[in-house]
Amino acid sequence: MKLNNIIFPMLAGSLLLVGCYDEKMDWHTPDGHNPVTTDDIPLQLQEQIDHYDYIKNYAAQYMPGTAIGVGLSADKYLDEDDPDYAALCDNHFSQFVTGNAMKMDAMVTSSGALNTTKLDAFLAKASADVEIFGHNFIWHTQQQQTYLLSLIAPKMIVETDGDIITMLQNGDFETGKLDPWGGWGGESTREVVKGEGVDGSYAAKLYNPAAGSEYSSQFVYNLSAPLENGKTYVLRFQIRAEQPGGSIQFAWQNLSYGNGEIYHMFDNIGTDWVTFEEEFTCTKDDAQQLCFNFGKVATTYYIDNIEFGTRKEEAEQQQANRATRATTITYELKTLEEKRTALLGAMESWIGGMLQHVSGDQRFVGWDVINEPITDDGYYRGIDGHFGGTVEDDNGNTVYDQEPTESTTDGLNLNWGSGHFYWGYYLGMDYAVKAFELARKYAPADMKLYVNDYNLETNPSKLAKLIEFANYIDQNSSTQVDGIATQMHVDMNNITREQVDQMFQTMAATGKLVRVSELDVKVGTATPSADQQQQQADVYQMIIESYKANVPEAQRGGFVIWGVSDAADEHVYWIPNDAPNLFDANYGRKVAYKGVCDGIAGKDIGAEFTGDMWKENTDADDEEEILE
């Protein structure tokens, strides 16, 4: 059978002829596929939807040359325990965009090296005829902040009368605070207490309530830069336990909690203070996190005077045996030009390295070079003190990114959330120019390069600023911005056809390619009613129809459905407690699926499945199956 001629079943419900359709799968239910998505959706409507063709086939028929993509999870696509997820992506979409797997924090280690393991696995599994669109190079979040910070951070100068040039701050806890130390693990706790230190002052108190593995309770310090492979380091610390028989393990690893080494045990820790000292040679790249693992024995430890670093030369050890060592920390600041040079080098390593790695893979057709460069109030992110990024503090309050602070006494504090980095703060608008020039330098000549942002359909001034941003790049660089992308994470109750028409008309007037890069439609509930599902479908259809009506064919850069299904594991962090996608939690087609297909076709496809056509097509199908 060919899906170009849609065939209806002889009997409703359980006798659906699913053999020719992508829904031939287990459907995550013990009884197999139930074609009725919810009790509220009429059975005949659901049967219609289940007999629609694949989305990409309608696109090939009615919108040739326009890719219909999906923003997917590389982890789920590679998950052998969930083959239906990959099957939906393969069957329905002609272009893949990985939601997170190709962003900087996923690809670049804290030492600046590329880690392509997951990307390579994804590319190996994806079909040879699917297009792949890169997302993204430069953003203000999900950046490899540790690496970038290490390039611009001032040099820490530690002066001590001991024999170790320590790399640690607050190793004696005399600040009365734990910072910058941290940790985690079960019900274990970490705090600084007064009166429990070696000299009766401060010490860190580590409490492990239950015996387990060494790393089930951890006390952690993140260095400002990775250790040097091949270099020898020395660790010295003092420790006691509340009961005899304590045991603590020292290790180092990368900031993704892997690539660990050392794992040295310090045993027989008793109730009296004992000093431990060991030398270690680093044999791996990217080691930046120091760990004291104290989960093996259920007890309380007090740890003090932790030093980790390199030894001084013998001539400098005159006062090495003092019981109390004085330490002074100062910082040698880098110049703005030094920071600029380092960051531009990192940008080239990242963009150039990524494009060189996929060089020759003809599936790559485009890239979001700069993602979300405009703040909601219409400023360039990172420029002139405008950031716009937010993060929740420990109390759940929203905190806005602020101007970095830097001094010779306190060093550099970015004052930005974890993973946030504003390239424009240190490079000015040149960051955008250089990013596009580097992308063009390393990309194939026919690869399309985009700027991408959100809320453009409801914020015309933001759209105007994004166009101004693209024009600035065009006017100040040796290359051009090929296209402008609008994300379109829309609320079905807060969007109109007039808004969408106006946005597409404004974008098309630039003469550039116009792309819908991350389309989903929020409903406001995880259990939408039949009316809500229909309204959601109408919005999907309206957006596609507006795109076709207002963007000339030559300027259509395609559109991408953001996310595959309403399954809870796809919405832990993105639009939780909602149902924004085309497939339900069991991977069944929703009414929104029909809305997308009808929008592509420019007609109600399901209307063809009625009356004599229903009977005629069913009889023809039966005859074909008998002949087979």
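What you see is a predicted model; the values in this text were computed from it and never measured.
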Any donor-acceptor pair under 3.5 Å linking the side-chain atoms of [Y] with those of [X]?
X: T409; Y: S407; answer: yes
X: T408; Y: T330; answer: no
X: Q249; Y: H264; answer: no
X: Y85; Y: D79; answer: no
X: E174; Y: S201; answer: yes
X: Y425; Y: E403; answer: yes
X: H571; Y: N577; answer: no
X: N293; Y: Q218; answer: yes
X: T117; Y: N115; answer: yes

- request: Tell me, please, which residues at least two apart from Y202 pass ring pair (Phe, Tyr, Trp, His ring centres under 6.0 Å).
  value: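 Listed in chain order: nothing, the list is empty.
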- prompt: Who passes ring pair (Phe, Tyr, Trp, His ring centres under 6.0 Å) against F364, sequence neighbours left out?
  reply: W367
Full working for side chain to side chain donor-acceptor pair (under 3.5 Å) between W423 and Q143: CA-CA 10 Å; W423 294 79; Q143 303 297 276; 2.9 Å; yes
- request: Step by step, work out the ring pair (Phe, Tyr, Trp, His ring centres under 6.0 Å) result for F237 and F292.
  value: CA-CA 11 Å; F237 65 99; F292 287 95; 5.1 Å; yes
Tell me whether [X] contacts the main-chain N or O of [Y] through its side chain, where contact means a donor paired with an acceptor under 3.5 Å.
X: N208; Y: G295; answer: yes
X: H489; Y: E518; answer: yes
X: S359; Y: L355; answer: no
X: E242; Y: T271; answer: no
X: R381; Y: E372; answer: yes
X: R311; Y: Y233; answer: no
X: T116; Y: L119; answer: no
X: D304; Y: V198; answer: yes
X: R190; Y: V220; answer: no
X: K334; Y: L151; answer: yes

message: Tell me the closest heavy-atom pair linking V481 and A470, and the distance in Å.
response: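 Reported closest heavy-atom pair: CG2-O, 3.9 Å.
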query: Is the closest side-chain heavy-atom distance between Y301 and F219 below 4.5 Å?
result: no
Mind checking whether [X] and [Y] have parallel, tilted or perpendicular rings, split at 30° and 60°?
X: F250; Y: F308; answer: tilted
X: F387; Y: Y422; answer: perpendicular
X: F173; Y: W181; answer: tilted

Worked check of salt bridge (Lys or Arg N to Asp or Glu O under 4.0 Å) between R363 and D361: CA-CA 5 Å; R363 293 173 296 180; D361 191 331; 2.9 Å; yes
Determine, for [X] against [Y], whether the closest basic-nitrogen to carboxylate-oxygen distance falls under 4.0 angstrom.
X: D163; Y: R236; result: yes
X: K284; Y: E228; result: no
X: D179; Y: K177; result: no

- prompt: Using the benzene-type ring in the case of Trp, are the ring centres of Y431 and Y426 under 6.0 Å apart?
  reply: no
Please check if the number of heavy atoms outside [X] that lie under 6.0 Å from its [atom1] is greater than 12.
X: F276; atom1: CZ; value: yes
X: K125; atom1: NZ; value: yes
X: Y215; atom1: OH; value: no

message: Using the side chain to side chain donor-acceptor pair (under 3.5 Å) criterion, which residues pair with S517? Sequence neighbours excluded.
response: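 S517: side chain to side chain donor-acceptor pair (under 3.5 Å) contacts with N452.
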Residue that, paired with K462, satisfies side chain to side chain donor-acceptor pair (under 3.5 Å) out of T375, D376, D377, N455: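 Single pass found, and it is D376.
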- request: Go through the steps for E348 and Y442 under the test side chain to side chain donor-acceptor pair (under 3.5 Å), then give the verdict.
  value: CA-CA 9 Å; E348 182 159 14; Y442 289 99; 2.5 Å; yes
- request: Assess whether salt bridge (Lys or Arg N to Asp or Glu O under 4.0 Å) is satisfied between E406 and K339, documenting all intermediate values.
  value: CA-CA 13 Å; E406 188 174 29; K339 295 173 184 176; 2.7 Å; yes
- prompt: Yes or no on ring pair (Phe, Tyr, Trp, His ring centres under 6.0 Å) for Y450 and F133, after CA distance, side-chain angles and deciding distance?
  reply: CA-CA 11 Å; Y450 282 78; F133 195 95; 5.5 Å; yes
query: Run the side chain to side chain donor-acceptor pair (under 3.5 Å) check on Q487 and D453 step by step: do they pass?
result: CA-CA 6 Å; Q487 292 182 12; D453 221 316; 5.3 Å; no
- prompt: Are Q289 and N222 close enough, and set up right, to give a side chain to side chain donor-acceptor pair (under 3.5 Å), and what steps lead you there?
  reply: CA-CA 5 Å; Q289 190 170 79; N222 291 338; 2.7 Å; yes
message: Under 6.0 Å from the ring centre and within 45 degrees of the ring axis: does the NZ or CZ of K205 meet both conditions for the six-membered ring of Y302?
response: no
field: Pairwise distance CG(N100) to CG(D75) - rounded to 0.5 angstrom
entry: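 With rounding to 0.5 Å, CG (N100) is 9.0 Å from CG (D75).
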